[in-house]
Amino acid sequence: MFPSWDFLVVPHAVRKLYTKDRSIYFIALLVMNQDKPVLLLEMMDDSYITKGSTRGRADTQMRILFNDLYHEQCRVPILYGISALGMTLRVYQADTATFMVHPRADPSVWETLLPPHYLENEWSVELLSQEGFDEMKRIGTYIISESAKAP
(Lines give C-alpha, C1' and ligand atoms only; values in the text may rest on other atoms or scores of the structure.)
Protein backbone atom coordinates (compact mmCIF):
# COMPACT_ATOMS: atom_id res chain seq x y z
CA MET A 1 0.00 0.00 0.00
CA PHE A 2 2.81 2.42 0.85
CA PRO A 3 5.65 2.85 -1.66
CA SER A 4 8.76 3.29 0.45
CA TRP A 5 10.36 3.19 3.85
CA ASP A 6 8.88 6.63 4.53
CA PHE A 7 6.05 4.75 6.26
CA LEU A 8 6.47 2.51 9.28
CA VAL A 9 3.96 0.19 10.98
CA VAL A 10 4.36 0.08 14.75
CA PRO A 11 2.36 -1.66 17.48
CA HIS A 12 0.22 0.74 19.44
CA ALA A 13 -1.46 -1.65 21.83
CA VAL A 14 -2.04 -5.30 22.48
CA ARG A 15 -4.68 -5.67 25.10
CA LYS A 16 -6.55 -8.51 26.67
CA LEU A 17 -10.26 -7.93 27.00
CA TYR A 18 -12.29 -10.14 29.29
CA THR A 19 -15.72 -11.50 28.56
CA LYS A 20 -17.92 -13.71 30.66
CA ASP A 21 -16.62 -16.94 29.16
CA ARG A 22 -13.17 -16.17 27.72
CA SER A 23 -10.53 -13.56 27.22
CA ILE A 24 -10.00 -11.99 23.83
CA TYR A 25 -6.98 -10.12 22.56
CA PHE A 26 -7.04 -7.21 20.20
CA ILE A 27 -4.17 -5.58 18.39
CA ALA A 28 -3.83 -1.94 17.43
CA LEU A 29 -1.23 -0.76 14.96
CA LEU A 30 -0.19 2.70 13.82
CA VAL A 31 1.14 3.56 10.40
CA MET A 32 3.61 6.39 10.88
CA ASN A 33 5.21 8.85 8.50
CA GLN A 34 8.18 10.83 9.87
CA ASP A 35 7.21 9.74 13.39
CA LYS A 36 3.66 11.11 13.01
CA PRO A 37 0.54 8.93 12.81
CA VAL A 38 -1.23 8.67 9.45
CA LEU A 39 -3.43 5.57 9.98
CA LEU A 40 -4.80 3.62 12.93
CA LEU A 41 -5.66 -0.08 12.64
CA GLU A 42 -7.61 -2.13 15.19
CA MET A 43 -7.99 -5.88 14.74
CA MET A 44 -10.25 -8.14 16.74
CA ASP A 45 -11.53 -11.66 16.52
CA ASP A 46 -14.46 -12.22 14.16
CA SER A 47 -16.61 -13.31 17.11
CA TYR A 48 -17.01 -9.59 17.90
CA ILE A 49 -19.33 -9.18 14.92
CA THR A 50 -22.07 -11.38 16.40
CA LYS A 51 -23.41 -9.33 19.34
CA GLY A 52 -24.37 -5.72 19.95
CA SER A 53 -22.35 -5.66 23.16
CA THR A 54 -19.12 -6.78 21.47
CA ARG A 55 -19.61 -4.47 18.48
CA GLY A 56 -20.14 -1.68 21.01
CA ARG A 57 -16.93 -2.69 22.78
CA ALA A 58 -15.02 -2.60 19.47
CA ASP A 59 -16.43 0.83 18.66
CA THR A 60 -15.56 2.16 22.12
CA GLN A 61 -12.05 0.71 21.89
CA MET A 62 -11.47 2.44 18.56
CA ARG A 63 -12.56 5.77 20.04
CA ILE A 64 -10.20 5.23 22.98
CA LEU A 65 -7.35 4.65 20.53
CA PHE A 66 -8.19 7.90 18.72
CA ASN A 67 -8.25 9.65 22.09
CA ASP A 68 -4.78 8.24 22.85
CA LEU A 69 -3.56 10.05 19.73
CA TYR A 70 -5.33 13.33 20.47
CA HIS A 71 -2.12 15.14 21.43
CA GLU A 72 -0.03 13.66 18.62
CA GLN A 73 0.70 15.96 15.71
CA CYS A 74 -0.67 14.13 12.67
CA ARG A 75 0.72 14.54 9.17
CA VAL A 76 -2.67 14.36 7.47
CA PRO A 77 -5.82 16.50 7.86
CA ILE A 78 -7.97 13.37 8.26
CA LEU A 79 -6.63 10.53 10.41
CA TYR A 80 -8.27 7.33 9.23
CA GLY A 81 -8.96 4.43 11.51
CA ILE A 82 -9.86 0.96 10.34
CA SER A 83 -11.57 -1.43 12.71
CA ALA A 84 -11.42 -5.03 11.52
CA LEU A 85 -13.62 -7.65 13.14
CA GLY A 86 -12.30 -10.73 11.45
CA MET A 87 -12.41 -9.88 7.75
CA THR A 88 -15.07 -7.16 7.94
CA LEU A 89 -14.14 -3.50 8.23
CA ARG A 90 -15.54 -0.27 9.58
CA VAL A 91 -13.79 2.94 8.57
CA TYR A 92 -13.47 5.87 10.96
CA GLN A 93 -12.23 9.38 10.22
CA ALA A 94 -10.93 11.94 12.70
CA ASP A 95 -10.54 15.54 11.63
CA THR A 96 -7.12 16.39 13.05
CA ALA A 97 -8.01 20.09 13.48
CA THR A 98 -11.16 19.47 15.57
CA PHE A 99 -10.59 15.79 16.41
CA MET A 100 -14.23 15.04 15.71
CA VAL A 101 -14.53 11.34 14.96
CA HIS A 102 -16.92 10.04 12.30
CA PRO A 103 -19.07 8.07 12.41
CA ARG A 104 -20.28 9.83 15.51
CA ALA A 105 -20.81 7.89 18.73
CA ASP A 106 -24.37 7.32 19.91
CA PRO A 107 -24.50 8.83 23.44
CA SER A 108 -28.05 7.55 23.98
CA VAL A 109 -26.72 4.05 24.64
CA TRP A 110 -24.05 4.96 27.18
CA GLU A 111 -26.33 4.51 30.15
CA THR A 112 -28.24 1.47 28.96
CA LEU A 113 -27.59 -2.11 28.02
CA LEU A 114 -26.77 -2.40 24.35
CA PRO A 115 -29.51 -4.02 22.27
CA PRO A 116 -28.59 -7.10 20.19
CA HIS A 117 -28.88 -5.11 16.95
CA TYR A 118 -26.58 -2.25 18.09
CA LEU A 119 -24.20 -1.28 15.23
CA GLU A 120 -25.44 -4.41 13.42
CA ASN A 121 -24.49 -3.44 9.87
CA GLU A 122 -21.62 -1.06 10.59
CA TRP A 123 -18.79 -3.51 9.81
CA SER A 124 -20.08 -4.04 6.30
CA VAL A 125 -17.02 -3.92 4.07
CA GLU A 126 -15.43 -7.30 3.39
CA LEU A 127 -11.65 -6.89 3.28
CA LEU A 128 -11.16 -9.34 0.42
CA SER A 129 -14.00 -7.96 -1.73
CA GLN A 130 -13.61 -5.45 -4.55
CA GLU A 131 -15.24 -2.86 -2.29
CA GLY A 132 -12.68 -3.61 0.43
CA PHE A 133 -9.82 -3.32 -2.06
CA ASP A 134 -11.18 -0.04 -3.43
CA GLU A 135 -11.66 1.41 0.07
CA MET A 136 -8.13 0.48 1.16
CA LYS A 137 -6.72 1.89 -2.08
CA ARG A 138 -8.65 5.15 -1.60
CA ILE A 139 -7.35 5.55 1.96
CA GLY A 140 -3.78 4.65 0.96
CA THR A 141 -3.83 7.12 -1.95
CA TYR A 142 -5.15 9.85 0.37
CA ILE A 143 -2.46 9.19 2.98
CA ILE A 144 0.37 9.18 0.42
CA SER A 145 -0.91 12.37 -1.23
CA GLU A 146 -1.46 14.28 2.03
CA SER A 147 1.83 13.09 3.56
CA ALA A 148 3.70 14.45 0.53
CA LYS A 149 2.14 17.89 1.14
CA ALA A 150 3.06 18.03 4.83
CA PRO A 151 6.22 19.91 5.83
Side-chain angles (χ1 to χ4, degrees), residues 1-19 22-106 109 114 118-151:
M1 178 185 279
F2 300 109
S4 72
W5 290 103
D6 293 340
F7 295 91
L8 179 66
V9 178
V10 295
H12 182 62
V14 177
R15 295 189 179 133
K16 188 175 187 178
L17 304 174
Y18 297 94
T19 64
R22 65 184 178 141
S23 56
I24 298 172
Y25 291 89
F26 88 92
I27 299 170
L29 301 171
L30 279 175
V31 177
M32 308 286 283
N33 177 251
Q34 296 182 8
D35 295 325
K36 306 287 186 217
V38 294
L39 177 65
L40 176 61
L41 303 163
E42 167 195 66
M43 294 166 280
M44 294 183 171
D45 187 278
D46 62 352
S47 67
Y48 265 65
I49 201 75
T50 61
K51 292 194 253 179
S53 61
T54 53
R55 289 188 300 269
R57 191 175 299 135
D59 179 65
T60 298
Q61 188 59 51
M62 188 60 147
R63 294 172 193 287
I64 289 169
L65 293 169
F66 272 118
N67 196 50
D68 288 349
L69 297 174
Y70 181 71
H71 297 290
E72 296 287 332
Q73 186 178 19
C74 297
R75 291 191 53 81
V76 290
I78 302 294
L79 178 63
Y80 278 93
I82 299 171
S83 173
L85 302 184
M87 298 299 281
T88 58
L89 308 176
R90 184 178 195 202
V91 177
Y92 293 77
Q93 300 174 34
D95 181 312
T96 58
T98 64
F99 236 77
M100 296 297 296
V101 176
H102 298 279
R104 302 296 304 263
D106 180 3
V109 300
L114 296 177
Y118 183 66
L119 300 175
E120 190 166 44
N121 296 310
E122 296 300 314
W123 279 263
S124 58
V125 177
E126 288 290 329
L127 177 62
L128 298 179
S129 69
Q130 185 63 47
E131 180 185 10
F133 174 80
D134 292 344
E135 184 68 3
M136 297 301 290
K137 184 176 178 182
R138 182 185 68 77
I139 292 169
T141 300
Y142 169 82
I143 291 169
I144 291 167
S145 172
E146 292 299 321
S147 293
K149 295 177 191 176

State, yes or no, whether a side-chain contact exists between [X] and [Y] at a heavy-atom distance under 4.5 Å.
X: L30; Y: L40; answer: yes
X: L127; Y: M136; answer: yes
X: L114; Y: R55; answer: no
X: N67; Y: F99; answer: no
X: V91; Y: V125; answer: no
X: R104; Y: H102; answer: yes
X: V101; Y: M62; answer: no
X: T141; Y: R138; answer: no

Tell me if a side-chain donor or acceptor on [X] pairs with a main-chain N or O of [Y] at a distance below 3.5 Å.
X: S147; Y: I143; value: yes
X: Y142; Y: Y80; value: no
X: T88; Y: S124; value: no

Which value, rounded to the nearest 0.5 Å, describes the distance between [X] atom [atom1] and [Y] atom [atom2]?
X: R57; Y: M44; atom1: CZ; atom2: CE; value: 8.5 Å
X: D35; Y: R75; atom1: CG; atom2: CZ; value: 9.5 Å
X: D45; Y: T50; atom1: CG; atom2: OG1; value: 9.0 Å
X: L119; Y: T54; atom1: CG; atom2: OG1; value: 10.0 Å
X: I49; Y: N121; atom1: CD1; atom2: CG; value: 9.0 Å
X: I82; Y: L89; atom1: CD1; atom2: CG; value: 6.5 Å

All salt bridge (Lys or Arg N to Asp or Glu O under 4.0 Å) counterparts of E146, not counting sequence neighbours: K149
Salt bridge (charged side-chain N to carboxylate O under 4.0 Å, His left out) partner of R90, the single match among E122, E120, E135: E122
Specify the closest pair of heavy atoms between [X] and [Y], including all atoms of both residues, with the distance to one decimal.
X: Y118; Y: G56; answer: CE2-CA, 3.7 Å
X: L39; Y: L79; answer: N-CD1, 3.6 Å
X: T96; Y: C74; answer: CG2-CB, 3.6 Å

Parallel, tilted or perpendicular: ring planes of F66 versus Y92, cut at 30 and 60 degrees: tilted
Salt bridge present between R63 and D59 (N-O < 4.0 angstrom): yes
Heavy atoms of other groups near F133 CZ, more than 12 under 6.0 Å: no
